[in-house]
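For the numbers below, each heavy atom of this structure counts, side chains included, while hydrogens, waters and symmetry mates do not.
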Amino acid sequence: MTPSNQPAAPDVSLGGMFLARAKSLPDVAAFRVKREGEYQDVSYKDAGARVEAIAAGLLTIPGGLPARSALSILGETGLEWILCDYATLSLDVLVVPIYPSLLSSEVGFICQDAKVEVVIVDDGKQLDKLRACKGGFTFLDKGYPALPLRHFVVINPTGVAPATDWESLADLEARGRAKLEDTAGERARRLAGITRDVVATYAYTSGTTGAPKGVIQTHGNWLAILEVTAELGLFTEASRAHGSMLFLPLAHSFGRLVELSCAYNGGPAVLSGVATLAEDLAKSRPGIFPAAPRVYEKIYGRIMAGVASAPPSRQRLFNWAISVGRASIPYRRRGKRLPLLLGLQHRLAERLVFRKIRARLGFDRLESAATGSAPLAPAIHEFFFAIGITLIEGYGLTETCPILTANRLDRWKLQTVGTPVKNVVIKIAADGEILAKGPNVTQGYLNRPDANADAFDAEGWFHTGDIGEFDGEGNLRITDRKKDLLKTSGGKYIAPIKIEGMLKAMPMVNEAVVIGDNRKYCTALLVLDEDGVKAWATRTGNPPDHKHPALLAALQKSLDEVNRELASFESIKYFRVVGVPFSVDNGLLTASFKVKRKEVAKRFSDLIEEMYAPGAEGAQSKGADSKAA
């Protein structure tokens with residue numbers, strides 16, 4: 001290995017990459033995992049031994065595991081998920097990650113689309129999802145036949161009744177250890193047969209119609225991005241020593257990037273989860289913190305809430321320090337010394353405020369933070385730079401594994417997503433859409449020739465669906481989203497058409513618009529059907545008043561039923577009733593009667609912001625007439 005812990009020779013496959021690190025960096029920590037409340041290191045040697053045992057165990061499941069077949073992993077981020085990932089990849093078997101929050105029918109659709117026969121699950125809850133759809137299911141009003149699922153592996157089998165269709169990961173791994181010698185030849189043959197153009201994984205992302213699309217990602221697509229991580233400067237000697245926090249879902253390409261880049265750069269992944277993140281940060285004090293914008297929003301909100309409850313003198317000190325930190329940003333960006341007075345003020349602010357904030361967050365050893373997958377609010381981004389956290393923002397999609405551009409530690413600019421990474425070419429189309437080419441770009445979508453035709457033009461450019469522009473320094477700025485697909489600040493893709501169709505099926509609802517792009521949760525604007533309202537009023541003896549509590553309660557009851565059919569990140573948290581019907585005449589519908597989303601968002605911005613305002617969590621969903629309409 002080179003001094004940077006990167007390989008001296010190019011890697012050929014992802015599974016081979018990890019096994020190579022197990023040999024070249026045997027005593028280096030590959031993972032930091034919490035056991036009995038404290039973090040402990042797992043070396044590359046020990047992790048590699050487990051990967052080989054799991055691989056041997058997978059080869060010896062009933063019916064075997066053919067090369068180029070597909071295996072799904074359905075579970076939360078954790079050590080066993082990652083070990084199973086590398087073991088499967090080393091066998092020339094495709095990995096199909098699935099979000100654990102998805103409902104049974106969507107899980108079934110993914111397994112059907114990818115022809116999955118073997119699934120590794122977290123626990124009995126996830127196993128039940130698969131069993132529920134195994135005999136056939138309905139997804140988006142279409143029926144699907146029985147799935148060819150033939151074997152399940154359960155990571156945590158507590159409470160799962162014995163059956164012939166599953167085994168525990170512990171049993172599989174123990175069998176694998178006993179079969180290491182018997183399977184050595186087959187494992188070596190398969191690993192040697194993997195080339196960079198071989199498909200490694202299908203990463204499913206929501207489409208505008210609501211049906212997930214399987215993005216085809218090869219070993220070479222991923223390695224092309226891993227090979228430019230050194231250019232980004234995140235993995236330094238210090239940051240590798242302290243590790244990179246990994247709590248993002250591994251079904252998300254951002255989470256997968258963190259997983260793979262830790263191994264590529266020979267540093268440890270510090271494993272955590274959303275529920276325990278604050279506690280784990282304080283215990284582990286990582287060197288790198290990659291997270292979706294929503295996480296930084298929560299951290300910012302928690303800090304500001306604490307400040308708001310502090311005595312006036314401490315509030316004044318905090319606000320002064322932040323103003324000093326903000327004033328320092330232009331100088332720091334250009335690598336210039338701060339002016340004398342500002343420099344003295346900044347040192348004082350660092351000692352009295354910034355250093356204490358970072359220590360309280362567990363960021364006192366942080367070399368860098370990273371974000372992507374959704375835009376970050378400029379004020380929040382600036383806040384983190386002000387308190388001394390270098391928060392690097394990048395841009396990419398699942399289809400690009402998932403980087404196209406990025407700011408660098410030594411070259412960054414707020415309100416941009418940086419410059420293209422090595423070997424990636426970006427151009428702006430005549431309509432402003434961002435187009436891309438590069439070795440990291442997918443070859444297309446599984447079983448979706450229609451989507452492929454939309455995503456790639458005759459010259460091979462990938463159409464991102466985002467609108468952007470380059471500034472005078474070559475930094476890309478994202479200005480709009482071309483597609484209707486929503487992306488929450490947590491990085492989750494939401495297909496609004498599917499949800500709106502379900503909302504419009506509610507009694508008394510004529511039209512619905514889902515809001516959620518760059519927001520922490522989804523909300524909805526509802527236009528009521530007057531005939532339906534009158535019928536409800538007659539039936540219940542209540543007035544046909546859009547603001548009446550009984551009417552709002554009836555709508556909420558219907559909404560609760562819709563939410564039960566949605567994944568948690570898709571569910572509608574609040575709604576508002578718009579007191580004006582959408583029409584072509586008032587400019588809210590196109591000539592073909594499609595909703596003009598931007599116009600709706602603009603005209604009813606007060607209602608929308610009300611649902612995201614501080615304190616909205618305690619408010620009842622309520623109706624409102626629009627003065628702007």
Side-chain angles (χ1 to χ4, degrees), residues 1-31 42-56 58 67-68 71 73 77 79-95 97 184 187-201 203 216-232 234-235 239-240 243-244 246 250 253-269 271 288 290 401-403 421-423 439-440:
M1 301 289 285
T2 65
S4 65
N5 275 12
Q6 292 178 345
D11 291 298
V12 177
S13 69
L14 299 175
M17 172 190 73
F18 189 83
L19 293 174
R21 300 303 178 275
K23 293 179 179 178
S24 61
L25 302 169
D27 299 322
V28 172
F31 305 100
V42 177
S43 70
Y44 273 99
K45 178 181 178 181
D46 291 344
R50 290 195 66 186
V51 166
E52 292 191 284
I54 293 170
L58 288 172
R68 309 288 165 89
L71 175 149
I73 307 178
T77 297
L79 176 61
E80 280 69 28
W81 199 113
I82 298 172
L83 298 179
C84 290
D85 188 24
Y86 285 124
T88 305
L89 291 167
S90 74
L91 295 174
D92 197 7
V93 172
L94 288 78
V95 173
R187 287 186 288 113
R189 183 186 66 78
R190 289 198 186 192
L191 185 61
I194 304 173
T195 57
R196 290 174 74 105
D197 61 349
V198 167
V199 177
T201 188
I216 301 170
Q217 298 173 334
T218 66
H219 290 267
N221 290 151
W222 274 111
L223 289 168
I225 281 300
L226 298 178
E227 288 161 0
V228 302
T229 53
E231 174 203 354
L232 304 182
L234 298 180
F235 285 90
S239 68
R240 281 200 310 276
S244 176
L246 174 52
L250 293 169
S253 284
F254 191 9
R256 202 82 177 283
L257 174 64
V258 179
E259 171 204 348
L260 297 171
S261 60
C262 284
Y264 181 83
N265 289 280
L271 301 180
I288 307 174
C401 290
I403 298 178
V421 299
K422 186 178 180 182
N423 298 325
N440 57 311

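- For the side-chain hydrogen bond (donor to acceptor under 3.5 Å, both in side chains) test, residues two or more places apart in sequence or in another chain that qualify with Thr218 are Asn221.
- Between Arg50 and Leu79 the shortest side-chain heavy-atom distance falls below 4.5 Å.
- The minimum heavy-atom distance between Ala200 and Leu14, with the atom names listed, is CB-CD1, 4.1 Å.
- Nearest heavy-atom pair across His219 and Thr195 is CB-O, 4.2 Å.
- Although no hydrogens or angles enter the test, the distance criterion places a donor-acceptor pair under 3.5 Å between the side chain of Glu231 and the main chain of Lys422.
- Residues satisfying the ring pair (Phe, Tyr, Trp, His ring centres under 6.0 Å) criterion with Tyr86, sequence neighbours excluded, are Phe18.
- For Arg190, the side-chain hydrogen bond (donor to acceptor under 3.5 Å, both in side chains) partners are Glu186, not counting sequence neighbours.
- Annotation: side chain of Val12 is not in contact with side chain of Pro10 (no heavy-atom distance under 4.5 Å).
- Distance check: Ile288 CD1 to Leu246 CG gives 11.5 Å after rounding to the nearest 0.5 Å.
- Residues meeting the side-chain hydrogen bond (donor to acceptor under 3.5 Å, both in side chains) test with Thr88, sequence neighbours left out: none.
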Full working for side-chain contact (heavy atoms from CB on, under 4.5 Å) between Ile82 and Leu271: CA-CA 10 Å; Ile82 298 172; Leu271 301 180; 3.9 Å; yes
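- For the residue pair Gly193 and Arg68, the shortest heavy atom distance occurs at O-NH2, 3.9 Å.
- With contacts defined as side-chain heavy-atom distances shorter than 4.5 Å, the pair Ser244/Val258 qualifies.
- In this structure, OG in Ser13 is found 8.5 Å from CG in Asp92, a value given to the nearest 0.5 Å.
- Remark: side-chain polar atoms of Arg21 are not paired, donor with acceptor, to backbone N or O of Asn265 under 3.5 angstrom.
- In terms of the ring pair (Phe, Tyr, Trp, His ring centres under 6.0 Å) criterion, Phe31 has no residue partners (sequence neighbours excluded).
- The only option from Ile216, Val199, Leu71 that meets the side chain to side chain contact (heavy atoms under 4.5 Å, CB included) definition with Leu94 turns out to be Val199.
- Between Gln217 and Ser253, the shortest heavy-atom distance links the atoms NE2-OG, 3.4 Å.
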Derivation and outcome, side-chain contact (heavy atoms from CB on, under 4.5 Å), residues Ser90 and Leu19: CA-CA 8 Å; Ser90 74; Leu19 293 174; 4.1 Å; yes
side-chain contact (heavy atoms from CB on, under 4.5 Å) between Arg256 and Thr201, intermediate numbers included: CA-CA 11 Å; Arg256 202 82 177 283; Thr201 188; 3.3 Å; yes
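- At least one donor-acceptor pair closer than 3.5 Å links the side chain of Ser239 to the backbone N or O of Leu234.
- Considering all non-hydrogen atoms of both residues, Leu250 and Gly255 come closest at CD2-O, 3.6 Å.
- Leu223 contributes atom CG, which lies 7.0 Å from atom CE of Met17 (distance to the nearest 0.5 angstrom).
- Residues Tyr264 and Leu226 share a closest heavy-atom pair of CE2-O, 3.2 Å.
- With sequence neighbours excluded, no residue forms a side-chain hydrogen bond (donor to acceptor under 3.5 Å, both in side chains) with Ser261.
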